[in-house]
Amino acid sequence: VFQFLVGLEGTGHHLHQKLYKGSPAHKRLKSYGLLDDISDLLKSLWNRESPSEGLWSATCAMSNEEKLWWKQENEGTDGEKLFNNLVGHLKSLDEKSRSKVEADEAMQPGDDLVIAVNSGSIYNQEAAPFLSYPLLHGPCRFLQYPILDIFYEACNAAGVRCQHALSFRDPYRVLKSTSMNRHFASRHVQLQTLHSMLSVIQGQMLSHSDRLVACWESDMGANGGASDLAKLFGWKNEAKFDGWYSKIFLEPLPLSEEDKSEITMEKQLEVYMNSMIKDMANIKATCRSQLLFNSPSAPQSFKSPKAAPALLPPRPIQKASKTNLASRAALLSKGEDVDELVPPRPDWLDSYIEYHRSSVEPDGNGGYRLKDGVPFVVYECTDNVKCGGIGDRINSMVLVLYLAMCSGRVLLINAPYPSPLQNFLNPNEVRWDATPPDLGEELQTLDIMDIRNHDLIVDQSIIGYRLGRCNGMPPRHTLKTIWKNQCMSGYFQRIDQIFPFPAEIPEEKL
């Protein structure tokens with residue numbers, strides 16, 4: 001399995017290097033004699049000595065040669081050739097490692113051999129070892145970052161498994177590390193650069209949410225996500241790893257207000273830092289919510305001490321059939337065997353149900369309430385909100401459910417108008433009637449039907465959203481366009497994974 005570490009420079013790449021270099025996975029690759037192959041793979045992505053020969057470094061190939069380099073066409077860059085070169089390295093390394101694993105009696109069935117692509121564990125002067133966001137110096141620094149889309153496209157073309165982990169850290173420490181300890185750029189320039197890089201990372205995370213396998217807060221000890229990485233890297237004895245990691249991890253001292261003031265130049269750069277803090281919090285929240293959906297159990301670093309998640313296979317496409325469209329009550333009334341005719345729920349829905357159940361608790365009065373700090377979205381139909389008819393309401397509730405799923409939130413329903421929904425429907429798999437925290441004016445309204453919010457920008461730093469009527473009418477969104485936004489398309493591969501529409505329904509009706 002090829003694993004990529006996604007993270008800003010200054011978020012722990014050197015510590016990650018030590019973590020991987022001391023792991024069973026790296027030692028096994030070394031014993032297999034594959035380190036040079038990994039180095040060649042890294043050079044196919046970023047070649048320091050010959051930038052035109054690296055898929056990502058080619059953009060900056062002329063930056064040290066031409067004065068107006070960004071205006072000059074580099075005729076020596078052949079993207080297709082570079083891409084095929086990367087695909088070839090992935091295939092070759094995968095085949096070699098598989099043959100070695102098959103002959104290795106110490107490898108158990110089901111064990112994965114993780115090749116950490118940019119761990120920096122293999123030093124080569126020609127390659128940039130860490131591939132952080134951004135990386136290295138020079139006039140092209142702002143364009144020097146990985147393009148994860150191309151990496152995963154190459155993985156698919158090579159027919160190999162690929163995944164990524166995310167690293168994050170206290171923004172003050174990131175700025176101090178990169179601008180004060182190592183003068184990559186002046187502080188005000190660095191803050192703007194890192195802000196841009198966080199936006200790039202956020203977009204890549206949304207595009208490849210199903211590939212995420214670990215969230216690592218490098219400022220913390222083993223419980224910050226390092227133990228989850230350790231399991232992926234082949235450590236099986238948790239106590240042994242904890243003892244080893246304590247030798248390489250130096251816990252940082254708390255930052256005082258005076259320290260923070262010094263880092264932001266006596267608070268002159270505080271406005272930029274506040275923006276970066278918000279962006280980092282969004283990245284962190286997105287990472288953790290995505291990880292919940294990608295694994296049957298959340299990793300111990302932020303929920304429970306269960307085992308680290310395994311990489312799940314692609315979600316199966318549910319084919320349309322008449323039994324999909326028939327209700328359980330209708331089938332039972334015909335004497336049909338419901339369990340035989342109705343297909344089982346897909347894994348991703350079961351994962352969400354488990355997440356929802358773990359997020360509510362009894363309120364002591366016979367009802368349920370949402371636990372503190374859990375992000376949520378509540379569908380509302382009150383006398384102050386135009387709800388529409390029954391079809392409008394059901395459609396809205398379904399849309400809100402999938403918005404909640406793809407954004408890592410708990411679905412709640414508050415529908416007292418014209419009569420409480422609980423008078424007609426009882427909660428089944430999840431307690432959608434749980435009481436949310438009283439946020440007052442802080443409970444923001446999200447109009448997902450607004451054409452200006454086509455990509456459903458959901459701010460992860462906002463704990464709760466309310467939504468009303470979600471059906472579309474010109475010139476607003478339709479059901480079909482809603483499924484094409486980033487949030488939905490990043491979580492669900494196709495609309496027929498969700499609704500098995502029969503072929504006889506014309507496409508324009510969607």
Side-chain angles (χ1 to χ4, degrees), residues 1 3-13 15-16 19-20 23 112 114 116-119 130-133 146 148 162-171 173-174 194 197-233 235 238 241 245 249 276-312 351-352 354-355 358-359 373-375 405-409 458 460-461 490-491:
V1 183
Q3 184 164 310
F4 198 88
L5 181 67
V6 177
L8 291 181
E9 59 184 5
T11 56
H13 288 81
L15 180 58
H16 182 263
L19 197 162
Y20 185 66
S23 71
D112 283 329
V114 171
V117 177
N118 60 327
S119 67
F130 297 127
L131 297 183
S132 57
Y133 293 67
L148 212 55
C162 295
Q163 59 197 34
H164 66 269
L166 179 76
S167 65
F168 40 84
R169 190 185 184 192
D170 183 316
R173 296 189 191 281
V174 174
L194 295 177
M197 292 298 103
L198 284 171
S199 297
V200 170
I201 291 173
Q202 179 86 344
Q204 293 184 358
M205 289 178 67
L206 291 174
S207 296
H208 305 284
S209 60
D210 59 327
R211 305 269 196 165
L212 179 75
V213 292
C215 303
W216 179 43
E217 190 160 6
S218 59
D219 275 341
M220 300 176 64
N223 291 330
S227 58
D228 300 320
L229 289 174
K231 292 184 178 72
L232 291 166
F233 294 161
W235 290 86
E238 187 173 349
F241 168 74
Y245 192 66
F249 174 73
M276 182 179 171
I277 290 172
K278 181 179 178 181
D279 289 341
M280 188 70 83
N282 285 342
I283 291 287
K284 185 175 176 179
T286 299
C287 188
R288 291 180 169 176
S289 63
Q290 287 181 352
L291 199 57
L292 277 173
F293 295 122
N294 287 351
S295 61
S297 58
Q300 63 181 25
S301 55
F302 67 94
K303 186 177 178 183
S304 66
K306 296 182 180 179
L311 184 67
L312 295 179
S351 295
Y352 181 75
E354 181 182 351
Y355 167 59
S358 69
S359 300
V374 175
M405 292 178 70
C406 74
S407 62
R409 294 173 178 270
V458 179
Q460 296 291 347
S461 67
Y491 192 79

Visitor: Does the side chain of Val6 come within less than 4.5 Å of Met205's, by heavy atoms?
Guide: no

Visitor: With a 3.5 Å distance limit and no angle check, can you tell me whether Glu217 reaches the backbone of Ser167 through a side-chain donor-acceptor pair?
Guide: no

Visitor: Mark yes or no for whether Ser218, through its side chain, and Thr11, through its backbone, hold a donor-acceptor pair below 3.5 Å.
Guide: yes

Visitor: Donor-acceptor pair, Thr286 side chain versus Asn282 backbone, under 3.5 Å?
Guide: yes

Visitor: Please tell me whether Phe233 and His16 form a close aromatic pair, meaning their ring centres lie under 6.0 Å apart.
Guide: yes

Visitor: How close do Arg409 and Tyr352 get, counting heavy atoms only, and between which atoms?
Guide: O-OH, 2.8 Å

Visitor: What heavy-atom pair brings His164 and His208 nearest, and what distance separates the two atoms?
Guide: CE1-O, 3.2 Å

Visitor: Are Leu232 and Asp112 close enough, and set up right, to give a side chain to side chain contact (heavy atoms under 4.5 Å, CB included), and what steps lead you there?
Guide: CA-CA 8 Å; Leu232 291 166; Asp112 283 329; over 6 Å; no

Visitor: With a 3.5 Å distance limit and no angle check, can you tell me whether Ser132 reaches the backbone of Gly7 through a side-chain donor-acceptor pair?
Guide: no

Visitor: Let's go through Cys162 and Phe4 carefully: what are the C-alpha distance in whole Å and the side-chain angles of both, what is the deciding distance for side chain to side chain contact (heavy atoms under 4.5 Å, CB included) to 0.1 Å, and is it a yes or a no?
Guide: CA-CA 8 Å; Cys162 295; Phe4 198 88; over 6 Å; no

Visitor: Using every non-hydrogen atom in the two residues, find where Met280 and Pro171 come nearest and quote the distance to one decimal.
Guide: CB-CG, 3.9 Å

Visitor: Does Ser289 use its side chain to pair, donor to acceptor, with the backbone of Ala285 at less than 3.5 Å?
Guide: yes

Visitor: Is any NZ, NE, NH1 or NH2 atom of the basic residue among Arg169 and Glu9 found under 4.0 Å from an Asp or Glu carboxylate oxygen of the other?
Guide: no

Visitor: Counting only N and O atoms by type, is there a donor-acceptor contact under 3.5 Å from the side chain of Asp219 to the main-chain atoms of Asp170?
Guide: yes

Visitor: Check Phe241 against Ala222 and note the closest heavy-atom contact, atom names and distance.
Guide: CE2-CB, 4.3 Å

Visitor: Would you call Cys215 and Phe168 a side-chain contact if the rule is heavy atoms closer than 4.5 Å?
Guide: yes

Visitor: Minimum heavy-atom separation for Tyr20 to Ala116, with atom names?
Guide: OH-N, 3.3 Å

Visitor: Quick one: CG on Leu8 to CG on Leu198, what's the gap to the nearest 0.5 Å?
Guide: 4.5 Å

Visitor: Do Leu5 and Leu131 have side chains that approach each other closer than 4.5 Å (heavy atoms only, starting at C-beta)?
Guide: no

Visitor: Before giving the answer on side chain to side chain contact (heavy atoms under 4.5 Å, CB included), spell out for Trp216 and Asp228 the whole-Å C-alpha distance, their side-chain angles and the decisive distance to 0.1 Å.
Guide: CA-CA 8 Å; Trp216 179 43; Asp228 300 320; over 6 Å; no

Visitor: State, to 0.1 Å, how close Leu148 and Gln204 come at their nearest heavy-atom pair, and which atoms those are.
Guide: CB-OE1, 3.3 Å

Visitor: When you compare the side chain of Val1 with that of Gln163, does any pair of heavy atoms fall below 4.5 Å?
Guide: yes

Visitor: Flag the pair Phe130 / Asn118 as yes when at least one side-chain heavy-atom distance between them is below 4.5 Å, and no otherwise.
Guide: no

Visitor: Please lay out, stage by stage, how Tyr355 and Val374 fare under the test side chain to side chain contact (heavy atoms under 4.5 Å, CB included).
Guide: CA-CA 10 Å; Tyr355 167 59; Val374 175; 4.1 Å; yes

Visitor: Would you call Leu206 and Gln290 a side-chain contact if the rule is heavy atoms closer than 4.5 Å?
Guide: yes

